[in-house]
Trainee: 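One structure follows; several queries about it will come next.
Counting begins at 1 with the first residue of the sequence.
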Amino acid sequence: MSTPLEVEPGASAAQPEAILKGAGKIEGRSLWQISWMRLKRDKVALAGGAFVAFLVLVAIFAPLLCKLLGVTPNDFHQDLVDPSLQTPIGKWGGISADHPLGIEPVNGRDIFARIVYGARVSLLIAFLATMVSVVIGTVMGVVAGYFGGWVDSLISRIMDIFLAFPLLLFALALVGALPDKLLGIQGDALRVALVIFIIGFFSWPYIGRIIRGQTLSLREREFVDAARSLGARRPYILFTELLPNLIAPILVYATLLIPTNVLFEAGLSYLGVGIRPPTASWGDMLSIAANWYQVDPMYMVPPGLAIFLTVLAFNLFGDGLRDALDPRSR
């Protein structure tokens, strides 16, 4: 027989309301809120995201920034260029209060203005090409993974063909054979549309394979079986049950694909088949700087650093986003 517990006189059992008093309303957190909490703890990823946001703002407000500094991307300043050497007058490539990043050799165009205007071209092409790749890759990957059978085999073989395609050689050949006007588009708009088409259309198999693998896993899950048992049609299952669960890998891969597209656009411009001068492009600036690095090495630093920091920031943010959305990938 156990000894009864001693209870002080006047003591009473604690009531749940008294225990929870002052605790406030308890709310559950969604998966996106939990992911945001994880992302906030990753300072490196936040730094990368902050730089990406800063770069986007610089690209959007490039005309305003250049107007405030009194510079333009295509105006010549040959009075600031040494007539005998064709190099900027002064140290560090002609850096001054009027030209914070110096000027170009020969013509004296302001480098800062061309860097910020080049950011508009690079980011526009990278974002739109990524959007094209994501849309095509997601549709083809979901269809292949969900339907399976001969549909999966056909789409998988198409992916293999695209992955084996010599993209750079195709871009060189296509741009060389392109007329000056096509479908009512000409000039820079035609070049931008062509580069977006080449990068976006031929890059979709990479994300298509990822989405196909995710769909193969999701289609066997209980919530998909439950939807089928309730008589849900295939379009409903695809757009309501599968696609919402594929948003996380799509976002992660898109953030990692953008810097790849930035590099590809810069490479095409470097080879002379991207954006035509005098439109500012980071790749074209590096191509010109390669001929002047011995006498004016500072001209190579701004465009090279802009490409490096942009790609690094997107990769850091993409890695942090992947870890936040899928902690098991660490």
Trainee: So, T72 versus D75: side-chain donor-acceptor pair below 3.5 Å or not?
Mentor: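 A pair is found: one side chain offers a donor N or O, the other an acceptor, under 3.5 Å apart.
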
Trainee: Give the minimum heavy-atom separation between T279 and R114, together with the two atoms involved.
Mentor: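 Between these two residues, the closest heavy atoms are O-NH2, 3.8 Å.
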
Trainee: Can any side-chain N or O of W282 pair as donor or acceptor with the backbone N or O of I115 at less than 3.5 Å?
Mentor: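 Indeed, once roles are kept as given, a pair shorter than 3.5 Å links the two residues.
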
Trainee: Do any N or O atoms from the side chain of S153 and from the backbone of G149 form a donor-acceptor pair under 3.5 angstrom?
Mentor: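 Answer holds: yes.
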
Trainee: F51 vs F54 aromatic rings, parallel, tilted or perpendicular, using cut-offs 30° and 60°?
Mentor: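 Tilted.
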
Trainee: Working to the nearest 0.5 angstrom, can you tell me the gap between I198 CD1 and I125 CD1?
Mentor: 10.5 Å

Trainee: Is there a donor-acceptor contact under 3.5 Å from the side chain of T215 to the main chain of G145?
Mentor: no

Trainee: Give the minimum heavy-atom separation between V71 and A113, together with the two atoms involved.
Mentor: CG2-CB, 3.9 Å

Trainee: With rounding to the nearest 0.5 Å, note down the distance linking CG in L268 to CZ in R191.
Mentor: 10.0 Å

Trainee: What distance do L243 atom CG and I247 atom CD1 have between them, rounded to the nearest 0.5 Å?
Mentor: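 L243 atom CG to I247 atom CD1 measures 7.5 Å (nearest 0.5 Å).
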
Trainee: Count the heavy atoms belonging to other residues, nucleotides or ligands that lie under 6.0 Å from CZ of F147, then report whether that count exceeds 12.
Mentor: yes

Trainee: Which distance, rounded to the nearest 0.5 Å, do you find between the CD1 of I207 and the OG1 of T138?
Mentor: 4.5 Å

Trainee: Can you classify the ring geometry of F162 versus F202 as parallel (below 30°), tilted (30 to 60°) or perpendicular (above 60°)?
Mentor: tilted

Trainee: Quick one: does S229's side chain have a donor or acceptor within less than 3.5 Å of a partner on A226's backbone?
Mentor: yes

Trainee: Give me each pair satisfying salt bridge (Lys or Arg N to Asp or Glu O under 4.0 Å) with a member in residues 143-152, each pair once, sequence neighbours excluded.
Mentor: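 Listed once each, the pairs are D152-R212.
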
Trainee: Would you tell me whether D284 and S269 have side-chain atoms, one donor and one acceptor, within less than 3.5 Å of each other?
Mentor: no

Trainee: List the atom of A306, the atom of T310, and the distance in Å for their closest heavy-atom pair.
Mentor: O-OG1, 2.7 Å

Trainee: Donor-acceptor pair, distance only, cut-off 3.5 Å: does the side chain of S287 make one with the backbone of G283?
Mentor: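 Flag not set: sc S287 to bb G283 has no pair under 3.5 Å.
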
